[in-house]
Amino acid sequence: MPVHPEILWAQRSSESDEKKNILYVTVNLPDIKPETLEYNLTPSHISFKAKAGNAEKGIEEKDYEFSFDLFEEVVPEESSQKLTSRSFNLLIRKKEKKAEYWPRLTKEKIRTQFIKTDFSKWVDEDEQEGDAAALDEDFDMGGMGGMGGMPGMGGMGGMGGMGGMDLDAMLKSMGGGAGGAGDEAGPSGAGGDSDSDDEGPPPLEEAEPKA
C-alpha cells in the first residue's frame with residue numbers, strides 16, 4: 001500500500017504582482033526514482049506518485065502517493081517543478097491575486113500529520129514585503145551565487161592575519177600605535193599585545209626621541 005510522503009508548504013500573496021502570489025510546496029522525500037515520478041497539477045487539484053529509496057544506502061524502496069483538492073485555484077502553466085536527490089520542489093502560481101493568505105493548502109478542512117508548514121520559507125502575511133523575490137531566486141538556484149561569495153569572506157579573514165604580521169613589525173619599531181593594531185588583529189593578537197603593553201612601552205618611549 002502506498003505511503004503518504006511529508007509535504008512542506010509556505011506561501012506569498014499580492015494584490016498587484018502575480019509573481020509574488022505563489023505557493024512553495026516541497027515533497028520532502030529523498031531518492032525519488034525519476035522514471036517512476038507521476039505528477040499532475042490542474043487548476044484545482046494536485047497529485048503525486050513515485051517510488052523512492054536506495055538499496056545501497058540501506059533505504060527500502062517504497063511506493064509513495066498523495067492526491068487532494070487545493071484550497072483555491074492555481075495556474076498550472078505558470079507553475080514550475082524541480083526534482084533533487086532530497087525532494088521534489090514545486091513553485092505554484094495562485095490564480096486570484098489578493099493580499100490575504102490561504103488559511104490552509106487543502107480545500108477540505110482536515111487535520112493531517114503529513115502536511116506541515118515549511119518554516120524555512122514561511123513569512124508572516126504582514127512581513128512579506130520584499131521577501132518573495134528572494135525566495136523565487138533561491139528556487140531557481142540563484143541563491144547559490146550568494147553562497148559562492150562566502151570564500152571571498154574567507155580571504156578577508158586572511159587579510160586579518162596579515163595585519164598580525166604588521167603588528168610584529170610595529171612592536172619592534174614603535175609602541176604607541178601597536179595597541180590599536182592589536183585590537184584589529186583579533187583576540188590572539190590583542191592578548192599578546194596586552195603583555196607587551198605591560199613591559200614594553202617605557203623603553204620604547206625612550207627610544208623614540210633618539211630615533
Side-chain angles (χ1 to χ4, degrees), residues 1-14 17-123 125 128 131-147:
M1 185 175 179
V3 180
H4 197 307
E6 181 181 61
I7 300 171
L8 304 176
W9 80 292
Q11 62 181 312
R12 298 294 183 274
S13 62
S14 174
D17 189 349
E18 61 182 16
K19 292 182 178 180
K20 295 181 180 180
N21 214 39
I22 53 179
L23 302 169
Y24 296 99
V25 179
T26 300
V27 182
N28 192 24
L29 182 63
D31 299 312
I32 294 173
K33 306 292 185 183
E35 66 276 10
T36 68
L37 176 59
E38 297 179 23
Y39 163 68
N40 186 40
L41 179 67
T42 72
S44 60
H45 188 85
I46 183 173
S47 65
F48 167 92
K49 185 177 182 180
K51 288 182 179 294
N54 190 322
E56 295 180 357
K57 297 179 181 179
I59 302 174
E60 182 184 356
E61 186 175 303
K62 296 181 180 180
D63 292 318
Y64 293 85
E65 183 178 343
F66 69 79
S67 177
F68 56 83
D69 290 329
L70 295 164
F71 180 75
E72 289 185 355
E73 289 195 354
V74 298
V75 187
E77 57 270 22
E78 294 182 13
S79 303
S80 57
Q81 63 193 64
K82 179 178 66 177
L83 177 63
T84 72
S85 61
R86 294 185 175 185
S87 59
F88 184 51
N89 307 293
L90 307 173
L91 185 64
I92 301 174
R93 185 70 53 79
K94 299 177 186 176
K95 183 176 181 179
E96 183 180 357
K97 295 192 291 288
K98 61 180 181 180
E100 293 81 15
Y101 270 3
W102 286 11
R104 58 186 179 274
L105 183 61
T106 59
K107 187 175 184 65
E108 300 297 327
K109 191 174 183 179
I110 55 176
R111 184 180 295 275
T112 172
Q113 60 179 326
F114 304 109
I115 301 177
K116 303 176 181 179
T117 300
D118 188 344
F119 290 105
S120 68
K121 292 185 175 68
W122 189 270
V123 173
E125 190 174 313
Q128 60 178 325
D131 184 74
L135 280 173
D136 258 339
E137 292 173 2
D138 183 62
F139 185 87
D140 295 328
M141 301 308 287
M144 292 185 68
M147 293 176 64

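Residue numbers run from 1 in the order of the sequence given. All figures in this text were calculated on a predicted structure; none of them were measured in a lab.
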### Task
Mind checking the OG-NZ spacing from Ser87 to Lys82? Nearest 0.5 Å is all I need.
7.5 Å
### Query
Do Pro76 and Pro43 come within less than 4.5 Å of each other through their side chains, counting heavy atoms only?
yes
## Note on the structure
So side-chain hydrogen bond (donor to acceptor under 3.5 Å, both in side chains) across residues 27-43, not counting sequence neighbours, yields Glu6-Asn28
### Task
Take Leu70 and Leu41 through the test side-chain contact (heavy atoms from CB on, under 4.5 Å) and record every step on the way to the result.
CA-CA 10 Å; Leu70 295 164; Leu41 179 67; 4.0 Å; yes
### Summary
Distance col, row Ile59:CD1 vs Asn54:CG, nearest 0.5 angstrom, shows 5.5 Å
### Query
Can you tell which of Lys97, Lys107, Lys95 makes a salt bridge (Lys or Arg N to Asp or Glu O under 4.0 Å) with Glu73?
Lys95
### Task
Starting at OH of Tyr101, measure out to CZ of Phe71 and round the result to the nearest 0.5 Å.
14.5 Å
#### Entry: Residue pair Lys121 / Gln11, side-chain donor-acceptor N/O under 3.5 Å
no
### Query
Just wondering, do Val27 and Phe48 contact through their side chains at under 4.5 Å, heavy atoms?
yes
#### Entry: Rounded distance (nearest 0.5 Å) linking atom OG of Ser47 with atom CZ of Phe68
9.5 Å
### Task
Would you please test Thr117 and Trp122 for side-chain contact (heavy atoms from CB on, under 4.5 Å) and show each step?
CA-CA 7 Å; Thr117 300; Trp122 189 270; 3.7 Å; yes
### Task
Would you name the heavy atoms of Ser14 and Asn21 that are closest together and state the gap between them?
N-OD1, 3.0 Å
### Query
Do you know the tightest heavy-atom contact between Pro5 and Leu29?
CB-CD2, 4.3 Å
### Query
Salt bridge check: are Glu72 and Arg104 linked by an N-O gap of less than 4.0 Å?
no
### Task
For residues Ile22 and Tyr24, report the shortest heavy-atom separation together with the two atoms involved.
CD1-OH, 3.1 Å
#### Entry: CG-CG distance between Leu91 and Leu23, expressed to the nearest 0.5 angstrom
8.5 Å
## Note on the structure
All heavy atoms of Ala52 vs all of Ile32, minimum pair found to be CB-CA, 3.9 Å
### Task
Quick one: closest heavy-atom pair of Glu100 and Glu125, and the distance?
CA-OE2, 3.6 Å
### Query
What is the ring orientation for His4 with Phe114, classed by angle as parallel under 30°, tilted 30 to 60°, or perpendicular over 60°?
parallel
### Query
Within the distance-only criterion (no hydrogens, no angle test), does the side chain of Thr26 pair as donor or acceptor with the backbone N or O of Asn89 below 3.5 angstrom?
no
#### Entry: Student check: side-chain heavy atoms of Ser67 and His45 closer than 4.5 Å
yes
### Query
Looking at Val75 and Lys94, what are the two nearest heavy atoms and their distance?
CG2-O, 4.1 Å
### Message
Can you tell me if Glu77 has over 12 outside heavy atoms packed within less than 6.0 Å of its CD?
### Response
yes
### Message
I'd like to check Ile92 versus Ile46 (side-chain heavy atoms, cut-off strictly below 4.5 Å). Are they in contact?
### Response
yes
### Query
How long is the gap from CZ on Phe66 to OG1 on Thr106, to the nearest 0.5 Å?
12.0 Å
### Task
Report the residues that fulfil side chain to side chain contact (heavy atoms under 4.5 Å, CB included) with Val3, sequence neighbours left out, ordered by chain and then residue number.
Lys62, Tyr64
